[in-house]
Engineer: 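I have a structure I would like to understand better, so I am pasting it below and will then ask my questions one at a time.
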Amino acid sequence: TIYTLKLRRRGIDVDATRSTNLMRQITVADAMGRPPRALAPEQPLSELIDRFAAERIDSLPVIDHQDRLIGIVAAGDVERAIARDPSAARVAATLAREAPVLHAGEPLENAVLALGASDDEGVPVLGDGGRVVGWLTHRRLLRAYRKRLGDQNGAAHNTGGDGGAP
């Protein structure tokens, strides 16, 4: 009808089911933040300890010289390495482990699965050529979801008059 057409022009789809999954509508790019400053593969253990002690982050990406992801190192990985052999000379590349990764165009539904599959606080987001273009945390995912939910509820509850304009 003409009324549903007016609503659609305002971004309200009255034909959409209430059970629409917002996690499928929001992309990783909508939620991701800037990646943390990466570790170099040759960065020594002492510098990793300094980074984790100084920054409020629990995992960091390790990036090679072509800006491609090698893996991630978590503070717990560093602690376990120290406990095994405190005198061993280690570098970031030897502590890096494979981690779930996401791509910017993927839906947040995939991100929930990736974050749930890992104990790490964040997941790297890859762009073309395997380069890290972002970092997605649980908190950022929830913020994006809350924002979209608020936007959707605000549009659904918008009852302001339009003065008869189409």
Engineer: Which atoms form the tightest heavy-atom contact between Ala81 and Leu95, and what is the distance?
Structural biologist: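 Result for this residue pair: CB-CD2, 3.7 Å.
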
Engineer: Take Arg148 and Leu108, measure what side-chain contact (heavy atoms from CB on, under 4.5 Å) needs, and give me the verdict at the end.
Structural biologist: CA-CA 12 Å; Arg148 180 65 61 93; Leu108 274 195; over 6 Å; no

Engineer: Roughly how far, to the nearest 0.5 Å, is OG1 of Thr27 from CG of Leu102?
Structural biologist: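 Leu102 CG to Thr27 OG1: 11.0 Å, rounded to 0.5 Å.
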
Engineer: Side-chain heavy atoms nearer than 4.5 Å, only ILVMFWY residues, links allowed to pass through others: does that put Val62 and Ile82 together?
Structural biologist: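 Yes, because Val62 and Ile82 connect within a single hydrophobic cluster, where side-chain heavy atoms sit under 4.5 Å apart.
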
Engineer: Identify the two heavy atoms, one from Val28 and one from Ala111, that lie closest to each other, and give their separation to 0.1 Å.
Structural biologist: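 Heavy atoms of Val28 and Ala111 come nearest at CG2-CB, 4.2 Å.
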
Engineer: Test side-chain contact (heavy atoms from CB on, under 4.5 Å) on Leu45 and Val91; report intermediate values, then the result.
Structural biologist: CA-CA 5 Å; Leu45 183 63; Val91 294; over 6 Å; no

Engineer: Walk me through whether Val78 and Ile49 qualify under side-chain contact (heavy atoms from CB on, under 4.5 Å).
Structural biologist: CA-CA 7 Å; Val78 173; Ile49 293 168; 3.7 Å; yes

Engineer: Output the rest of the hydrophobic cluster of Ile63: all Ile, Leu, Val, Met, Phe, Trp and Tyr residues reachable through side-chain heavy-atom contacts under 4.5 Å, sorted by chain and number.
Structural biologist: Leu69, Val101, Leu126, Val132

Engineer: To check you understand the geometry: which heavy-atom pair defines the closest contact between Pro124 and Ile72, and what is its length?
Structural biologist: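 Shortest heavy-atom separation between Pro124 and Ile72 comes out as CG-CG2, 4.1 Å.
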
Engineer: Could you pull out the closest heavy-atom pair between Glu106 and His103, with the gap in Å?
Structural biologist: OE2-N, 2.6 Å

Engineer: Among the clusters formed by ILVMFWY side chains lying less than 4.5 Å apart, do Val112 and Leu115 turn up in the same one?
Structural biologist: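 Yes; Leu115 is reachable from Val112 via cluster members.
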
Engineer: Is a side-chain donor or acceptor of Glu109 paired with a backbone partner of Arg24 at a separation under 3.5 angstrom?
Structural biologist: no

Engineer: Taking distance alone, no hydrogens or angles, what donor-acceptor pairs closer than 3.5 Å link side-chain atoms of residues 135-147 to residues at least two apart or in another chain?
Structural biologist:
from   : atom 1 : to     : atom 2 : distance (Å)
Thr137 : OG1    : Arg140 : N      : 3.1
Lys147 : NZ     : Asp151 : OD2    : 3.0

Engineer: Looking at every non-hydrogen atom in both residues, tell me the closest pair between Ala92 and Leu48 and how far apart they are.
Structural biologist: CB-CD1, 4.0 Å

Engineer: Looking only at heavy atoms, which two atoms of Pro36 and Ser59 are closest? And how far apart?
Structural biologist: CG-O, 4.3 Å

Engineer: Can you check whether Gly122's main-chain N or O pairs, donor with acceptor, with Asp120's side chain at less than 3.5 Å?
Structural biologist: no

Engineer: Taking atom CE of Met23 and atom CG of Asn110, what is their separation to the nearest 0.5 Å?
Structural biologist: 11.0 Å

Engineer: Would you check, one step at a time, whether the test side-chain contact (heavy atoms from CB on, under 4.5 Å) holds for Glu42 with His65?
Structural biologist: CA-CA 10 Å; Glu42 66 279 355; His65 299 291; 3.4 Å; yes

Engineer: Report yes if some heavy atom in the side chain of Leu39 is under 4.5 Å from a heavy atom in the side chain of Pro61; otherwise report no.
Structural biologist: no

Engineer: Let me confirm one number: the CZ-CZ distance from Arg51 to Arg37, rounded to the nearest 0.5 Å.
Structural biologist: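 One gets 4.0 Å once the value is rounded to the nearest 0.5 Å.
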
Engineer: Please, which pairs that meet side-chain hydrogen bond (donor to acceptor under 3.5 Å, both in side chains) have at least one residue in residues 70-85, sequence neighbours excluded?
Structural biologist: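 Matches after skipping sequence neighbours: Asp77-Arg80, Asp77-Arg97, Asp85-Ser87.
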
Engineer: I'd like to know if the side chain of Glu55 and the backbone of Phe52 have a donor-acceptor N/O pair within less than 3.5 Å.
Structural biologist: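 Such a contact is absent between Glu55 side chain and Phe52 backbone.
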
